[in-house]
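Shown next, in structure tokens, is the structure this report addresses.
Fair warning: this is a prediction, and the values are worked out from it, not measured in the lab. Throughout, protein chains are lettered first and strands after them, A, B, ... in sequence-line order, and every chain is numbered starting at 1. Quick note: numbers below take in every heavy atom, side chains included, and nothing from hydrogens, waters or symmetry partners.
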Number of protein chains: 2
Amino acid sequence: MKWDALEEEPCSLARTVAVIGDRWSLLILRECFLRIRRFDEFQSSLGVTRHLLADRLKKLVRFGVLRKTPYQDAPKRYEYILTQKGLDLYPIIMSIVHWGNIHMVDARGRPLLHEHKNCHKMFDPVMVCSECGEPLTAKEVHVHPGPGARKSSPARAKAVENEAKR
Amino acid sequence: MKWDALEEEPCSLARTVAVIGDRWSLLILRECFLRIRRFDEFQSSLGVTRHLLADRLKKLVRFGVLRKTPYQDAPKRYEYILTQKGLDLYPIIMSIVHWGNIHMVDARGRPLLHEHKNCHKMFDPVMVCSECGEPLTAKEVHVHPGPGARKSSPARAKAVENEAKR
DNA sequence: TCCTAAAGTTCTATTTTAGAACTGTCAATA
DNA sequence: TATTGACAGTTCTAAAATAGAACTTTAGGA
């Protein structure tokens, strides 16, 4: 499967993966949320090759996640800023960081702590249900086909059926 | 940078990306949460090459995200089940799906709807602060070095400094 | 004139991935 | 008994992506 094919899949995960589902895009976005904006800053802070960095920035701009704006005119210089669409990726980034905090830290502990400016406390992100506000776990969620559903694979249909029986 | 190097980075995002930061791992995990368990089910439902599927399953088992258990003896057959560590990836998967639902759906609408068994309503996931319960946005979060921090790049140090001034 | 900075582009060598075919074990069928 | 089919992979070659380094362009300053 080609990357382009992913964008067409009738699956919100696949389509998002087409945008951010590679190593460097996610690391670039991490830097964006840490207020990194310029080509050379990304390059020195990530150690990514300049070739790939140029390619990924272009892709993120094409998908509307970053906006490329000039910050000086002579010579022309640009910086990359998160759009609202990009800012909306924050829960993804935070949930990835949180899983790493729980399952991947070494004896030294967490590399970063997060403070919520609202309540001035160090916090962890928690995912809750928009309707009842309770924390979510995989086992408490049931999946239904939505208006954009297409016929799913036999294997998945069987799995859904098995789940419904329980 | 090699994939192995990512695991060593003093960054919870980089370390998590070392586990799930490629296209196929995320798609495999999506199927896992939809109760897909067996090699051929993954293969036919994803269209991934068998070679890569074998490789990614091995990797996910190595990292403790999946457990490979026999479900019959003659001939030996195995299935791949999410461990608790794997189940803990649910917020990542859900926040990816949610972003896709908001920013990547076409005119047909969402492919899947999610029902919360607790409150029996269709819901969206919301990320909130563990301390005050308010929804989180990037701009309301301030970052501090934690016990596992290492000296960061000059570019990032400057960016953090700039942010502190505001 | 030469040096530096920023933001890329170009080049070759190495790794990964795609796509298809092949292997081995066992059960059920003809 | 021979054949077919399911399952869980492995092996092969060709194509694509990535790493690492050098090069380019535009302009300001020593």
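Summarising the geometry, the separation between NZ on A:K68 and P on C:dA7 is reported as 9 Å, rounded to the nearest angstrom. For B:L46 and C:dA18, the CG to P distance is 12 Å, given to the nearest whole Å. Atom C1' of nucleotide C:dA6 and atom CG of A:L53 are separated by 12 Å, given to the nearest angstrom. Across the protein-nucleic acid pair, A:F39 atom CZ and C:dT9 atom C1' stand 9 Å apart, rounded to whole Å. Taking atom CG of residue B:D40 and atom P of nucleotide C:dC26, one finds them 18 Å apart after rounding to whole Å. Nucleotide C:dA18 holds its P atom 5 Å from the CG atom of B:L52, rounded to whole Å. One atom, CZ of B:R23, and another, C1' of C:dT16, lie 11 Å apart when rounded to the nearest Å.
Looking at residues two or more places apart in sequence or on another chain, you find a side-chain contact (heavy atoms from CB on, under 4.5 Å) between A:T49 and A:H51, A:L52.
For the OP1/OP2 pair of C:dT16 and a distance below 4.0 Å, the side-chain nitrogens and oxygens of B:K59 include no atom meeting the criterion.
Within the 4.0 angstrom heavy-atom criterion, only backbone atoms of the sugar-phosphate kind lie near A:W24; the bases stay farther away. Among the heavy atoms of the strands, none lies under 4.0 Å from A:F42.
Taking the nucleotide of DNA chain D with the nearest heavy atom to each of A:P75 and A:T49, the more 5' of the two is matched to A:T49. DNA chain C is contacted by both A:H51 and A:E79; A:E79 maps to the nucleotide lying nearer its 5′ end (nearest heavy atom per residue). Checking A:W3 against A:R50, the closest nucleotide of DNA chain D that is more toward the 5' end is the one next to A:W3.
Considering only heavy atoms from C-beta on, B:V141 comes within 4.5 Å of A:F123 through its side chain.
Note that the first and last nucleotides of DNA chain D, 5' to 3', having any atom under 4.0 angstrom from a heavy atom of chain A are D:dT18 to D:dA27.
One can find a donor-acceptor pair under 3.5 Å joining the base of C:dA6 and the side-chain atoms of A:R77.
At least one test fails for B:K59 against the ring of B:W24: distance under 6.0 Å to the centre or angle within 45° of the axis. Both tests pass for A:K68 against the ring of A:Y78: distance under 6.0 Å to the centre and angle within 45° of the axis.
The pair B:R38-B:D40 fails the salt-bridge criterion, with no side-chain N (NZ, NE, NH1 or NH2) lying under 4.0 Å from an Asp/Glu carboxylate O.
Close placement of the A:F33 and A:Y90 rings is indicated, their centers lying within 6.0 Å of each other. Between A:H116 and A:H114, the gap from one ring centroid to the other reaches at least 6.0 Å.
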